[in-house]
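Shown next, in structure tokens, is the structure this report addresses.
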There are 2 protein chains.
Amino acid sequence: MGIQERKEREKEARREEILDAAYKVFVAKGLAGATVDDIAAAAELSKGTIYLYFRSKEDLYLAVTNRGLDIMLGIFEATAAQGGDPIRQIWNLSDAYNSFYEEHREYFRMLAFFENPEMHDTVSEEMLAECQTHDAKVWGFVSGVMKNAIDAGYLHAGLNPLEVGMMLWSNSTGLLRQLDRNEEYWHARMGIDLRKTLRMSNSFLLEAMMTDKAMQLYHDQLIHHWPTRSQEKKS
Amino acid sequence: MGIQERKEREKEARREEILDAAYKVFVAKGLAGATVDDIAAAAELSKGTIYLYFRSKEDLYLAVTNRGLDIMLGIFEATAAQGGDPIRQIWNLSDAYNSFYEEHREYFRMLAFFENPEMHDTVSEEMLAECQTHDAKVWGFVSGVMKNAIDAGYLHAGLNPLEVGMMLWSNSTGLLRQLDRNEEYWHARMGIDLRKTLRMSNSFLLEAMMTDKAMQLYHDQLIHHWPTRSQEKKS
DNA sequence: TAAGATAATGACTGACAGTCACTAAATTAG
DNA sequence: CTAATTTAGTGACTGTCAGTCATTATCTTA
């Protein structure tokens, strides 16, 4: 009696189709600019059907961003699978976040958009809860990577894994948003390569938290070998 | 013949009244939730009058955020007027940004909200240009502070003032947004004091860019005197 | 094949952004 | 002081769109 199961699958498939269509429309027109009729047309469904699957336009938008979180976590996990010592893992995680930004810019933007507290009132409890589940998975992963580095004695013992994750994450996010907002302006007009800036600031943060054990391991790759200080170090 | 002038003043005053009313309504209901009729009622005007002063609800919202930028710049300038050496000035600037967050949380949120690229298409060219003017003033101020520190030999010479400003700014912004989004969660549930985290990460960044000259000046106040490393330093 | 359950539809409603013909008030000219 | 003219303000009206729901279509089961 696989009819129930087939129906479940079909329902799920339809839900995914709607999400595909919604993603395209939201990317093209933004949350405010997109109409549910647009999305229905893109999914080759009627408007009413959309509301059988999602409670509101905002819920649908949030469901799309949850996909973004899944993609992000997938990239993180694939990166971690490459192995490497705990510090390397942190670097790789940072790179993975950059990759997400580069290759899934639209999701990055949607996630940034929905982070705004103003948006949270506009979605259903259920969808918000699902979002938090996805969020928690990502944060669980990130803090796991940090914890490894602390436990292995590569980052200072007093640090809280989540705190370390938060620092690096927020720093990257802040700069990537600036980059997204106006890369052209900063690069061409101001002569600043924000990608370089980002690598630099991540290094500063990470190196400040690294133990001597880790510093020795990465001695040659340390970023802040300032001209005057590198001489000191050799002594 | 001061009639022209008086009319100008009255017009400006009315504009400010509308902005006062709009601020209250936007704070209470958000951009999407607020209606122009709400704002008109709060300003004791008719809807049509609002449109004599602003082109759209979004333009009005952006005009309110521009006030936020003015307030921010005012706080920055007041802080700078207290004096201090170049590094102290940077610390004070960072504190001033925190003060802005604490005391003008609503403006902080509105600014964060409008930073989203999706919003930029919804406002008039004129208003966006005005916003950029305000933005440029703030950035001019910030990079000026950084430039002083570099020129005085307190930050490494190869650094670009804007780049330094960008690093500290983005880092603070990223963490303050997390704080705003869910301080309760991080503090009570995860046991992390993000304000402390913010001070720490700002220290890490700043100290990584400081010259020996500056490091000596601030030796006793350096944050990252990790247990194991502080002994080294004494040698 | 009929009855019943499930999925999909699109016409309809209410709310709201933005407009514009009109009214009110202030200014200027005679 | 009054009429003419300019400027400021109004609110009824329009088009659009989110969300609903009575109806229709399709699929399942007896």
Side-chain angles (χ1 to χ4, degrees), chain A residues 1-22 25-26 28-64 118-119 121-127, chain B residues 1-22 25-26 28-64 118-119 121-127:
Chain A
M1 189 67 59
I3 286 173
Q4 272 311 314
E5 285 80 355
R6 198 200 70 228
K7 283 207 164 186
E8 285 293 311
R9 274 203 313 279
E10 281 175 359
K11 229 175 164 175
E12 185 54 32
R14 176 119 307 169
R15 201 185 124 99
E16 295 298 321
E17 282 167 27
I18 295 172
L19 286 172
D20 289 341
V25 176
F26 284 136
K29 307 193 175 187
L31 174 57
T35 73
V36 177
D37 279 311
D38 286 339
I39 294 165
E44 293 174 305
L45 290 168
S46 71
K47 175 150 73 162
T49 305
I50 303 295
Y51 284 93
L52 292 176
Y53 290 83
F54 298 93
R55 288 202 176 174
S56 68
K57 188 169 76 157
E58 286 73 20
D59 257 35
L60 180 48
Y61 191 90
L62 187 51
V64 174
E118 179 170 332
M119 290 290 119
D121 305 331
T122 69
V123 294
S124 68
E125 293 291 331
E126 295 79 30
M127 196 54 81
Chain B
M1 189 66 61
I3 287 174
Q4 270 312 314
E5 285 80 353
R6 198 199 72 227
K7 283 208 165 189
E8 285 293 313
R9 273 202 314 279
E10 281 174 359
K11 227 173 167 177
E12 185 54 31
R14 176 116 308 167
R15 200 184 124 99
E16 294 299 321
E17 281 168 27
I18 294 172
L19 286 172
D20 288 341
V25 176
F26 283 136
K29 307 194 175 186
L31 174 58
T35 72
V36 177
D37 279 310
D38 286 339
I39 294 165
E44 294 174 304
L45 290 168
S46 70
K47 176 149 75 160
T49 306
I50 304 295
Y51 284 94
L52 292 177
Y53 289 83
F54 298 94
R55 290 202 174 175
S56 69
K57 188 169 75 154
E58 286 72 21
D59 258 34
L60 180 47
Y61 191 89
L62 187 50
V64 174
E118 178 170 333
M119 290 291 120
D121 304 332
T122 69
V123 293
S124 68
E125 293 290 332
E126 295 79 29
M127 195 54 82

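To find a chain, count down the sequence lines: A is the first, B the second, and so on, and within it residues start at 1.
Taking the salt bridge (Lys or Arg N to Asp or Glu O under 4.0 Å) definition, one finds that B:Arg15 meets it with nothing, sequence neighbours left out. With sequence neighbours excluded, the residues satisfying side-chain contact (heavy atoms from CB on, under 4.5 Å) with B:Glu16 are B:Glu12, B:Leu19, B:Arg67. By the ring pair (Phe, Tyr, Trp, His ring centres under 6.0 Å) test, A:Phe26 is found to be paired with A:Tyr61, residues two or more places apart in sequence or in another chain being considered.
One finds a side-chain N or O of A:Arg6 lying less than 4.0 angstrom from the OP1 or OP2 phosphate oxygen of D:dT28.
Nearer the 5' end of DNA chain D, as judged by each residue's closest nucleotide, is the contact made by A:Gly33, out of A:Glu10 and A:Gly33.
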Taking N or O atoms only and anything under 3.5 Å, show me the protein contacts with nucleotides 5-9 of chain C, one pair per line.
{"from": "C:dA8", "atom 1": "OP1", "to": "A:Arg14", "atom 2": "NH1", "distance (Å)": "2.5"}
{"from": "C:dA8", "atom 1": "OP2", "to": "A:Tyr53", "atom 2": "OH", "distance (Å)": "2.9"}
{"from": "C:dT9", "atom 1": "OP2", "to": "A:Ser46", "atom 2": "N", "distance (Å)": "3.0"}
{"from": "C:dT9", "atom 1": "OP2", "to": "A:Ser46", "atom 2": "OG", "distance (Å)": "3.3"}
{"from": "C:dT9", "atom 1": "OP2", "to": "A:Thr49", "atom 2": "OG1", "distance (Å)": "2.6"}
{"from": "C:dT9", "atom 1": "O5'", "to": "A:Ser46", "atom 2": "OG", "distance (Å)": "3.3"}

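Screening residues 38-58 of chain B for ring-ring contact (aromatic ring centres under 6.0 Å, His included), with sequence neighbours left out, gives no hits.
Distance A:Glu58 CD to D:dG19 C1': 11 Å, rounded to the nearest Å. Atom CG in B:Asp37 sits about 12 Å away from atom C1' in D:dA12, given to the nearest Å. When the P atom of C:dT19 is taken as reference, atom NZ of B:Lys57 falls 14 Å away, rounded to whole Å. Going from atom OH of A:Tyr51 over to atom P of D:dC17 covers 12 Å, rounded to whole Å. Computed from coordinates, the A:Tyr61 OH to D:dA18 C1' distance equals 17 Å when rounded to whole Å. Rounded to an integer number of Å, the gap from B:Ile39 CD1 to C:dC16 P is 12 Å.
Backbone-only engagement by A:Ala34 is indicated by non-hydrogen atom pairs under 4.0 Å involving sugar-phosphate atoms exclusively.
More than 12 heavy atoms of other residues, nucleotides or ligands shown are found within 6.0 angstrom of CD on B:Glu126.
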Side chains of residues 41-49 of chain B: which donor-acceptor pairs under 3.5 Å do they make with residues two or more places apart or in other chains?
{"from": "B:Ser46", "atom 1": "OG", "to": "B:Thr49", "atom 2": "OG1", "distance (Å)": "3.2"}

